[in-house]
Amino acid sequence: MPERRDLESRTRYEPAEVEPRIVRRWLDSGLFHPEPAGTAAENYSIAIPPPNVTGSLHMGHALNGAIQDVLIRHHRMRGQRTKWIFGTDHAGIATQTQVERRLLEEGTSREEIGREAFIRRAWEWREQYGSKIVNQFQRLGASADYEDERFTFDEAYVRAVMRVFVDLYEKGYIYRDRYIVNWDPGSRSAISDLEVAELEVDDVLYSIDYDLEGGGKVSVATVRPETMLADTAVAVNPQDERYRDLVGRTAVLPLVGRRLPVIADEYVKTDFGTGQLKITPGHDPNDFEIGRRHGLDVVTVIGEDGRMTAQAGERFAGLAVLEAREAVVEALEAEGRIAGREPHRHAVPFSHRSGKRIEPLVSLQWFMRMDELARPAIDAVESGRVRIHPEGQRQVYLDWMENIRPWCVSRQLWWGHQLPVWYRGEETYVQTTPPEGEGWERDPDVLDTWFSSALWPFATLGWPDDTPQLRAFYPTDMLSTARDILFLWVARMIMMGLEFAGDIPFEDVYVHSVIQAPDGRRMSKSLGTGIDPLDEIETHGADAVRFGLLAMSSTQDVRYSAEKIEQGEALANKLWNASRLILLGVDDAARPGPRPRTAEDRWILGRLIEARAHTYLSIDGFDFSRTALGLYSFVYGELCDWYLELVKPRLYEEDPDLSATLLYVLRETLALAHPVIPFVTEEIWSYLPEATDLLAGWRPDEPDRSLRDLDAEREVER
RNA sequence: GGGCGCGUAGCUCAGUGGGAGAGCGCUCGCUUCACACGCGAGAGGUCGCUGGUUCGAAACCAGCCGCGCCCACCA
């Protein structure tokens, strides 16, 4: 039990000294680990967006951690059984890349050591570095259930993933197809549409003449001349008067000599280029679709290694794509077929994962049909069972879901959930356990990381078993996340939750701000605009960082504001010193209790009720900047600047009623502020009389009163 | 091309029909028995532009200018 006298010398609040000590007390207390009991309706739970196991805490984590922790601590202190489901994601490509980089440094490679050894290395990596991000969340003060930590490669979790895959396969949603995919030469894997980002690029638009059999020619435009080697048709628009008589004729592909039918397809724009389009089903997504419509051959001249294949002909085979482009242009020029070239700026797909330019390739992959699963997930949002905040994001979700496309779920990686699929000759076997008999070979591919993430809210609770955890905490209450994974993750959780856990995974989705650099640019390591939240925590304290991030957040993106962090730091110190004044000034025997004797006593008690109503309402409304700034204004502007200044003379006169009132106001203020600034409030709490337990587990006297009561009380005060 | 959002004090932002505000910064003063991460006072804005609705507009509507983000299959 700390001695109050010790406060005399501690004239400044020192977060660096206090906070690690408090973290240890919290973790030792078991407060963050609820026993599963009761129903999800009466309990409160949030599943954390699982950080990458290789990651370290960035500003987005810090803000989202602060948001979730405010909600979690708020509900815990209002007496609800509260669980913040915590864990990490195996993060397929990100982790694999890290491990591969290390192997490279050792002068070897994943191919050289083989799959089994590689997986072992990845696990070692995880053992070594996986706890980093966990410690960082603890340093932030996140009151998650670390005793029940999950990993998407936990045995039980893997079982859930396999079960879902097999089930979807048996329902006919998952299928295998030879289809054009986004091939990422960087990670040497297919990736999904959502992992592709378009960037503006300056290219040259070449016009190339193809002869027509029986005389005449067509002129096609392309920024990728090297793909002409894989052309299998030329297309015009059926409405295009100019070319109506060309349809049905045959063009001859230069350099190759292949005969190309001239076809008619609505896709061709009459007002772009010449209105004559080369069709390359093997290397262009649109052309692939056109090819399917017209039954065209698919020729592949670019391989998965980004080099020209034997199909490209011996002049070009083996060349990298860009080398081939030059070589093809040169060869065409020699034949006098380059009819024109002009600069052309356009959007080009790049891999979000590796940064490499996407190579659309036809490849045998596993896909998941989404439209049927999307329907109930659309209903859930349209009916308001799932609410998305801010409102503007709701329509974005619905638009995307209405136009949802199949999801390529297979990845040519090693670090991931290997498909529960076996082949023997023409046979395919899909089950959670390997088939009987000889000669079966397992599909080497693994699942997209987001496939397992989609199960997060229920697979973490023991699904598919009917566990007490699942009954107590599913559905969760809310999900807090960044906008960029609304489709990648949130939409899929809603679909999977409805399909497999039988209910929506959460009632509210809160899409938080993206914190930009102070100059408005993206925070990024490569731009050098990143600010490390841990540095900020070291300098200003976790309370200050939490307060600052919450105070600067809003329903849109915001610039990082060092001033708001400093404001939080000032608040912590102010509260600390106000507490010193009270604790060192009141009678030793005094106990907290509202015993107003003067007008200012009644006034501050009224303001306290007002502040509580404001805090509760703003938290429930996900308006966290109001929560933070409201606390600041109550503590600074009302409690300290007015009330404490007014009562100082009485305090020195040893007024027992005042002592009781001061202790009461302090206790209630600490409880009110605790969800936002948990450290300083917990530290002060330890000096309060009767405060044997932790503030984090304390429940104010009337926690269950509804907000309506608070409002009514507020009216009375007026 | 479509969608969402933003433009209010030097900076970062709140404010949605009737008083133009907060934090930081700035100026002046005070204080050192809770706190200089302190206390008090103050300066500073034609609320992007234009038009409309209204007794009344920073707020509602339309257009324009500027900026950001998301989605999208024009080679």
Side-chain angles (χ1 to χ4, degrees), chain A residues 7-8 10-15 180 193-194 197-198 203 205-208 220-225 227-228 234-235 237 267-280 283-290 344 346-347 349 360 390-400 403 405 483-484 486-487 511 513-514 516 518-522 540-541 544 547-548 551-585 623 625-626 628-630 632-633 636-637 640-642 644-645 648 651-652:
Chain A
L7 289 175
E8 279 174 25
R10 295 173 66 185
T11 59
R12 272 171 64 162
Y13 177 62
E14 302 280 0
I180 194 151
D193 296 340
L194 291 171
E198 309 256 318
D203 266 325
L205 184 64
Y206 295 91
S207 296
I208 309 171
V220 300
T222 180
V223 292
R224 304 198 57 192
T227 65
M228 61 90 66
V234 170
N237 190 292
Y267 170 77
V268 184
K269 303 287 178 288
T270 53
D271 57 357
F272 188 91
T274 57
Q276 298 168 334
L277 180 64
K278 74 195 257 305
I279 302 297
T280 319
H283 298 290
D284 182 285
N286 301 310
D287 293 4
F288 184 82
E289 295 292 345
I290 295 169
H344 186 63
H346 64 147
E391 185 72 16
Q393 292 300 313
R394 187 186 125 98
Q395 200 54 46
V396 176
Y397 168 93
L398 290 172
D399 287 347
W400 187 76
N403 300 303
R405 293 193 296 180
R483 200 179 38 229
D484 56 347
L486 189 62
F487 309 139
V511 181
S513 299
V514 173
Q516 301 167 331
D519 62 7
R521 289 189 293 169
R522 255 198 134 62
H540 304 283
F547 176 95
M552 71 182 85
S553 77
S554 80
T555 55
Q556 63 185 52
D557 294 351
V558 294
R559 296 176 185 211
Y560 187 77
S561 161
E563 290 76 20
K564 286 287 190 293
I565 305 289
E566 279 158 23
Q567 196 180 346
E569 190 176 4
L571 174 64
N573 185 249
K574 192 70 179 174
L575 187 57
W576 173 256
N577 276 296
S579 305
R580 287 179 63 231
L581 173 70
I582 293 170
L583 291 168
L584 292 170
D623 197 346
S625 71
R626 264 178 206 286
L629 295 171
Y632 180 93
S633 123
Y636 238 93
C640 294
D641 288 354
W642 279 102
L644 292 182
E645 293 297 336
K648 262 186 199 172
L651 186 60
Y652 301 137

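Scope of the values below: all heavy atoms of this structure, side chains included, with no hydrogens, waters or symmetry mates. Bear in mind that the values here come from a model prediction, so they are computed numbers and not experimental data. Here is how names work: the chains are called A, B, and so on, in the same order as the sequence lines, proteins then strands, and each is numbered from 1.
Using a 4.0 Å heavy-atom cutoff across all strands shown, V514(A) reaches no nucleic acid atom at all. When heavy atoms are screened at a 4.0 angstrom cut-off, D641(A) is found touching the sugar-phosphate backbone but no base atom. Contact annotation for G568(A): no contact, since no heavy-atom pair falls under 4.0 Å across all strands. Nucleic acid contact class of Y267(A) (heavy atoms, under 4.0 Å, all strands): base. Within 4.0 Å (heavy atoms only), R10(A) reaches no atom of the nucleic acid at all. If you check every strand for non-hydrogen atoms under 4.0 Å, Q556(A) touches sugar and phosphate atoms only. R12(A) comes within 4.0 angstrom of a nucleotide base, judged by non-hydrogen atoms across all strands. Using a 4.0 Å heavy-atom criterion, one finds that Y636(A) contacts the sugar-phosphate atoms exclusively. The residue E645(A) sits close to a base: some heavy atom pair falls under 4.0 Å.
Base pairing annotation: rC60(B) forms a Watson-Crick or G-U wobble pair with rG52(B), both donor-acceptor distances under 3.5 Å. Base pairing of rG68(B) is made with rC4(B), judged by Watson-Crick or G-U wobble geometry with both donor-acceptor distances under 3.5 Å. Nucleotide rC39(B) forms a pair with rG29(B), judged by Watson-Crick or G-U wobble geometry with both contacts under 3.5 Å.
rA58(B) sits 7 Å from rU8(B) when the C1' atoms are compared, rounded to a whole Å. For the P atoms, the distance linking rG10(B) with rG45(B) amounts to 7 Å, nearest Å.
For rA34(B), the base has a donor-acceptor partner in the side chain of K648(A) [N/O atoms by modelled type, under 3.5 angstrom]. A donor and an acceptor atom never sit less than 3.5 Å apart when one is taken from the side chain of K574(A) and the other from the base of rC37(B).
One atom, CD of E569(A), and another, C1' of rG23(B), lie 14 Å apart when rounded to the nearest Å. Between N286(A) atom CG and rC73(B) atom P the separation is 8 Å, expressed in whole Å. Rounded to an integer number of Å, the gap from CH2 of W400(A) to C1' of rC71(B) is 11 Å.
By the 30° and 60° cut-offs, the orientation of the rings of H344(A) relative to H346(A) is tilted.
Nearest heavy atom pair, residue W400(A) against residue L194(A), reads CZ2-CD1, 3.8 Å.
With no hydrogens or angles considered, a side-chain donor-acceptor pair links Q395(A) and D399(A) at under 3.5 Å.
Out of rC39(B), rC35(B), rA75(B), the shortest distance to the side chain of R580(A) is found at rC35(B). Side chain of D557(A), nearest nucleotide from rC73(B), rC69(B), rC39(B): rC69(B).
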